[in-house]
Each structure stands twice: as C-alpha cells, then as structure tokens.
Undergrad: 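Here it is, the structure, as structure tokens.
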Amino acid sequence: MKVVVKKKDNSIPVSISTEYIKLQDAMKFANIVYSGGEAKALIQEGEVKVNGEVCTMRGKKLRNGDKFEFMGQVYLISYHS
C-alpha cells in the first residue's frame, strides 16, 4: 500500500476582481500594512517573497494563483469576476 501525504495549504486568500494587482496594493488590501510607503519599504528591504522568491519590485503584478509571503504567512491571489 502506498501512502501519499500532502501538505495542507494554509494560505490566506486575497480575492481580486481585476486581471492583476500590484504587490504593494495586495499588501494594503490584505491589511498587512497601513500605507503604500510602509509596503514599499518592506518590499525594497527584501522582506516579501512572491512565489517563493524574494521580490524587491513593489509594482510586481500578481495574478490569479500567485502567492506572496510576509513574516511566514502566505497569501494566495484568487480572481473572482
């Protein structure tokens, strides 16, 4: 008998109704930061990962299925029309 163990996805969904959302806007939308300036600083300091890679582009476009991570918490972008 073969047993397969899958890691539970504990991502917090961030639902958008547009084709994409910029990383700094996604952080504000998810109530991670209070301002765009705060998001900009955290992103440029390398504190945020996008799809597992450190991202320093605050204008990075996130689309349906993309994930970003901040302080160990993962957020999943999901598109709903």
Side-chain angles (χ1 to χ4, degrees):
M1 176 184 351
K2 199 176 209 181
V3 176
V4 178
V5 178
K6 291 185 178 182
K7 183 178 177 185
K8 185 177 179 184
D9 187 3
N10 292 328
S11 300
I12 296 174
V14 177
S15 181
I16 61 172
S17 60
T18 57
E19 180 184 349
Y20 66 87
I21 187 170
K22 292 181 181 178
L23 177 56
Q24 71 176 22
D25 295 333
M27 291 180 72
K28 288 189 298 184
F29 189 65
N31 293 317
I32 298 170
V33 295
Y34 294 108
S35 68
E38 184 181 0
K40 176 183 174 181
L42 291 169
I43 294 166
Q44 289 179 336
E45 291 169 4
E47 298 293 322
V48 182
K49 291 183 179 181
V50 174
N51 296 325
E53 303 281 330
V54 172
C55 181
T56 57
M57 299 182 308
R58 63 190 173 108
K60 172 76 174 165
K61 293 178 181 177
L62 304 177
R63 292 180 165 75
N64 187 47
D66 284 338
K67 293 182 180 183
F68 69 96
E69 181 179 344
F70 177 68
M71 294 185 68
Q73 182 60 61
V74 178
Y75 300 83
L76 173 66
I77 303 299
S78 59
Y79 173 79
H80 295 283
S81 57

Undergrad: Does Asp25 pair with Lys28 as a salt bridge, N-O distance under 4.0 Å?
TA: yes

Undergrad: As an exercise, state the distance from SG of Cys55 to CD of Glu69, rounded to the nearest 0.5 Å.
TA: 13.0 Å

Undergrad: Shared ILVMFWY cluster between Met71 and Val54, side chains joined below 4.5 angstrom?
TA: no

Undergrad: What's the shortest heavy-atom distance between Lys22 and Gly59, and which atoms?
TA: CG-O, 3.8 Å

Undergrad: Counting only heavy atoms not in Glu45, do more than 12 fall under 6.0 Å of its CD?
TA: yes

Undergrad: Begin from the C-alpha positions of Ile16 and Ser78 and carry the test side-chain contact (heavy atoms from CB on, under 4.5 Å) through to its verdict.
TA: CA-CA 6 Å; Ile16 61 172; Ser78 59; over 6 Å; no

Undergrad: Which distance, rounded to the nearest 0.5 Å, do you find between the CD of Gln24 and the CZ of Arg58?
TA: 5.0 Å

Undergrad: Taking all non-hydrogen atoms of both residues, which atom of Leu76 and which atom of Gly65 are closest, and how far apart?
TA: CD1-O, 3.6 Å

Undergrad: Transitively linked via ILVMFWY side-chain contacts under 4.5 Å: Tyr75 with Val33?
TA: yes

Undergrad: Treating Glu38 as the side-chain partner and Tyr34 as the backbone partner, does any N or O pair qualify as donor plus acceptor under 3.5 Å?
TA: yes

Undergrad: Nearest 0.5 Å please: distance from the OG1 atom of Thr56 over to the NZ atom of Lys40.
TA: 12.5 Å

Undergrad: Rounded to the nearest 0.5 Å, how far apart are NZ of Lys61 and OG1 of Thr18?
TA: 11.0 Å

Undergrad: Ile12 and Met27: same hydrophobic cluster, using ILVMFWY side-chain contacts below 4.5 Å?
TA: yes

Undergrad: Is the backbone N or O of Ile77 less than 3.5 Å from a side-chain atom of Asp66, with the two atoms forming a donor-acceptor pair by type?
TA: no

Undergrad: Show the nearest heavy-atom pair for residues Val74 and Lys67, with the distance to one decimal.
TA: CG1-CD, 3.8 Å

Undergrad: What is the minimum heavy-atom distance between Ala26 and Phe68, and which atoms define it?
TA: CB-CE2, 3.9 Å

Undergrad: Cluster question for you: counting only ILVMFWY and a side-chain heavy-atom cut-off of under 4.5 Å, with indirect links fine, are Leu23 and Tyr20 together?
TA: no

Undergrad: Do Phe70 and Phe29 belong to the same hydrophobic cluster, where Ile, Leu, Val, Met, Phe, Trp and Tyr are linked whenever their side-chain heavy atoms lie under 4.5 Å apart, directly or via other members?
TA: yes

